[in-house]
Number of protein chains: 2
Amino acid sequence: MSDGGRQSSGEDLLFLTDDQLRKGIEAMFFAYRGFTADPDRILADKGYGRAHHRAIHFINRAPGTTVNNLLSILGVTKQSLNRVLRTLIEDGLVESRVGSRDKRERHLFLTEDGAALERELSTAQRERMRGAFRQAGPAAVSGFKQVLEAMMDAEMRRHYTRLKEHG
Amino acid sequence: MSDGGRQSSGEDLLFLTDDQLRKGIEAMFFAYRGFTADPDRILADKGYGRAHHRAIHFINRAPGTTVNNLLSILGVTKQSLNRVLRTLIEDGLVESRVGSRDKRERHLFLTEDGAALERELSTAQRERMRGAFRQAGPAAVSGFKQVLEAMMDAEMRRHYTRLKEHG
DNA sequence: ACTTTATGTCAGCCTTGTTGACATTCCAAG
DNA sequence: CTTGGAATGTCAACAAGGCTGACATAAAGT
C-alpha cells in the first residue's frame, strides 16, 4: 500500500492522512447530492434532467456561445448534447442562430422562457449555496474554492477561470 | 429577483453576493468532474460504472452492512442498487450472507478481489484529493469540509458524520 | 478543386435511474 | 396457531442520458 498515510515529517501534515482524505472524499460525495437536489426536483416536474440544466446554465453565462464551445465546457459528445439542445429548442427555451461571420456555427441564446427557467433553477441552487456559505463563514468559503480549484483537471480549470473573471 | 445579492449590511458579506455564489456553483461542477475522473477511467476498463464504485466504497467502509442501509446511504432505489450488487456478486467482488438473526436481511462483504479493486479505486481518488489538499493547505482544507458539510441534506449529514467518526 | 471544420442526424449500445409485480421472512394481533 | 401486514430483497420492463460509428451538409481555408 502507499505510504501516503504517514503522519510525521517534521511538518504539520495531519490534514493529509488517508483518513482525512477519506473524509474529504465522502464529504464531496454527500455534498454533491445536496448541491443538485433542488434543481433536480424542479427539473423533474418539467420533464427535464440535469443535462438540460447544465446546457441552460452555460448558455446563460455565455450568450451566443457556439455548440462546439459548449461541448468542450460540458465534456460530452455532440450527439449527447444535441439531443438535449434539440428538445430545448423545440420547447422554445433556447434559440439557435446561424453565425453571421462563420455560417457553419450556431450561436445559442436563451429565450424569455429559457431565461425564466434559468432563474428558477439558479435561484434554488444559489439559496442552498448561500446557506452553506453563510453557515461556514468567509474564511471557509475561501478555502472551499481553493481546494475545488486544485481538484480540477487543467482544461476544466481553464474554463472555470475564464468564466470566473466574468464571461 | 431576490435581494440576496446585496453587498452591504454593515458586516462583511461580500462572500455572499450572487456572483460569489455563482463561482462556488461552477467550482463545484467542474471540481466534481475531476473528483470522479480517475476512478471512472479505472472502472471503464473493467466494465463497471460509478454506481459500482459507490457500492464498493461503502461496503468497504461498513463491512456486513445490509442492503437497506446501503440504500439509504446511496439514495437510490433498491432495484437500482440490486442490479449493481448482482453483477458484483456474480463477478466475485462482493459476498452476500443471509442474516442469522433476521433471514430477510443480506449482509454484504468485499471478497479479496473486491478489496483489491477498492484499494485501486480509492488510491487513485485519494491521490487526486491529496494533491488538491496539499496545494491548498490545511486552513483551506478545513474550510472546504465546513462548506461541504453545510451543503448536505440533513439525512446525508447524518450518514456523513456517522462514517466520519470511524465506522 | 480539394480538404478541413462545424454542425446535425440516424442507429445502436451501455449504465443507471425509475415503477410495478412478486417472493420470502418476520412479527404481532386475534 | 394462524393469519395478515410490514420489511426485505429479486425480477422485468422502461426512460434518460452517456457513448461510438457512419454519414450528410455547408462553409472556410488552401
Side-chain angles (χ1 to χ4, degrees), chain A residues 29 32-33 36-37 39-57 59 64-91 94-109, chain B residues 29 32-33 36-37 39-59 64-91 93-108 121:
Chain A
F29 169 72
Y32 197 77
R33 291 256 294 282
T36 55
D40 280 358
R41 260 189 298 275
I42 295 169
L43 290 157
D45 282 350
K46 310 192 192 283
Y48 295 123
R50 220 173 273 181
H52 300 84
H53 183 188
R54 294 195 281 259
I56 288 174
H57 176 94
I59 293 174
T65 187
T66 64
V67 172
N68 238 357
N69 182 45
L70 204 49
L71 237 37
S72 126
I73 289 177
L74 297 178
V76 298
T77 59
K78 63 176 179 175
Q79 293 91 332
S80 196
L81 175 59
N82 192 259
R83 182 172 27 200
V84 167
L85 280 182
R86 197 175 356 175
T87 73
L88 290 175
I89 291 169
E90 278 168 8
D91 294 355
V94 167
E95 193 193 340
S96 162
R97 298 188 206 145
V98 173
S100 49
R101 246 189 14 205
D102 186 334
K103 290 178 187 160
R104 292 171 303 179
E105 294 180 340
R106 304 298 143 94
H107 297 277
L108 303 169
F109 301 87
Chain B
F29 170 72
Y32 197 76
R33 291 257 293 281
T36 56
D40 280 357
R41 261 189 296 276
I42 294 169
L43 289 157
D45 282 350
K46 308 191 194 283
Y48 295 124
R50 218 172 273 181
H52 300 85
H53 183 189
R54 294 196 280 257
I56 288 174
H57 176 93
F58 288 107
I59 293 173
T65 188
T66 63
V67 172
N68 234 1
N69 181 46
L70 205 49
L71 237 39
S72 124
I73 290 177
L74 297 177
V76 297
T77 58
K78 60 182 177 171
Q79 294 89 332
S80 192
L81 174 58
N82 190 260
R83 180 177 25 206
V84 167
L85 283 180
R86 195 177 356 174
T87 73
L88 290 174
I89 291 168
E90 278 168 7
D91 295 354
L93 301 182
V94 166
E95 194 193 338
S96 161
R97 299 187 205 146
V98 173
S100 49
R101 247 188 15 205
D102 187 334
K103 288 177 189 160
R104 290 172 302 181
E105 294 181 340
R106 304 298 139 95
H107 297 276
L108 303 169
L121 292 168

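No experiment lies behind these values; they were computed from the predicted model shown. Just so we're on the same page: letters track the sequence lines, and every chain starts at 1.
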Next item on the list: Take atom CG of Leu71(A) and atom C1' of dG17(D), then tell me their distance rounded to the nearest Å.
Entry: 14 Å
Notebook entry, point to check: Listed by chain and number, what are the side chain to side chain donor-acceptor pair (under 3.5 Å) partners of His107(B), not counting sequence neighbours?
Noted result: none
Check: Which heavy atom in Thr65(B) sits nearest to a heavy atom in Asn69(B), and how many Å separate them?
Finding: OG1-ND2, 2.7 Å
Next item on the list: Rounded to the nearest angstrom, tell me the gap between atom NE2 in His52(A) and atom P in dA15(D).
Entry: 15 Å
Check: From Asn68(B) CG over to Ile73(B) CD1, what is the distance, rounded to the nearest 0.5 angstrom?
Finding: 11.0 Å
Margin query: Would you say Arg54(A) places a side-chain N or O within less than 4.0 Å of OP1 or OP2 belonging to dA16(D)?
Written below: no
Margin query: Classify Gly75(A) by what it touches in the nucleic acid, base, sugar-phosphate, or nothing, heavy-atom distance under 4.0 Å.
Written below: sugar-phosphate
Note to self: Quick check: closest heavy atoms across Gly49(A) and Leu43(A), and the distance to 0.1 Å?
What the structure shows: O-CD1, 3.6 Å
Margin query: If I take atom CD1 from residue Ile56(B) and atom CG from residue Leu108(B), how far apart are they, to the nearest 0.5 angstrom?
Written below: 12.0 Å
Checklist line | Separation of Arg104(A) CZ from Arg106(A) CZ (nearest 0.5 Å) | finding: 11.0 Å
Next item on the list: Give Arg86(B) one of three labels, base, sugar-phosphate or nothing, depending on what nucleic acid heavy atoms sit under 4.0 Å from its own.
Entry: sugar-phosphate
Notebook entry, point to check: Roughly how many Å is it from CG in Leu81(B) to P in dT8(D), rounded to a whole number?
Noted result: 14 Å
Item checked: Contact letters for nucleotides 20-30 of chain D, in which S counts primed atoms plus P, OP1 and OP2 and B counts the base, heavy atoms under 4.0 Å -> BBB---BBS--
Next item on the list: Would you mind classifying the nucleic acid contact of Gly99(A) as base, sugar-phosphate or nothing, using non-hydrogen atoms under 4.0 angstrom?
Entry: nothing
Check: To the nearest angstrom, how far is Glu105(B) atom CD from dT10(D) atom P?
Finding: 12 Å
Check: Given atom CZ of Arg83(B) and atom P of dT10(D), what is their separation to the nearest angstrom?
Finding: 13 Å
Item checked: Minimum heavy-atom distance Thr36(A)-Pro39(A), with the two atoms named -> O-CD, 3.4 Å
Note to self: Measure CG/Leu85(A) against P/dG17(D) and give the value in whole Å, please.
What the structure shows: 12 Å
Check: Going 5' to 3' on DNA chain C, which nucleotide is the first and which the last to come under 4.0 Å of a heavy atom in chain B?
Finding: dT15(C) to dC26(C)
Notebook entry, point to check: Would you call the rings of Phe29(A) and Phe58(B) parallel, tilted or perpendicular, where under 30° means parallel and over 60° means perpendicular?
Noted result: tilted
Check: OP1 or OP2 of dG9(D) sitting under 4.0 Å from any side-chain N/O of Asn82(B)?
Finding: no
Margin query: Does Arg50(B) reach a base, just sugar-phosphate, or nothing at all? Heavy atoms under 4.0 Å.
Written below: sugar-phosphate
Next item on the list: Specify the separation, in whole Å, of atom CG of Leu70(B) and atom C1' of dT8(D).
Entry: 14 Å
Checklist line | Result of checking Arg50(A), Arg33(A), His53(A) against Asp40(A) for side-chain hydrogen bond (donor to acceptor under 3.5 Å, both in side chains) | finding: Arg50(A)
Notebook entry, point to check: Which residue, Gly49(A) or Ile89(B), contacts DNA chain D at a nucleotide closer to its 5' end, judged by nearest heavy atom?
Noted result: Ile89(B)
Note to self: Can you tell me how far apart CG (Asn82(B)) and CD1 (Ile89(B)) are? Round to the nearest 0.5 Å.
What the structure shows: 7.5 Å
Checklist line | Sugar-phosphate, base or nothing in reach of His107(A), heavy atoms under 4.0 Å | finding: nothing
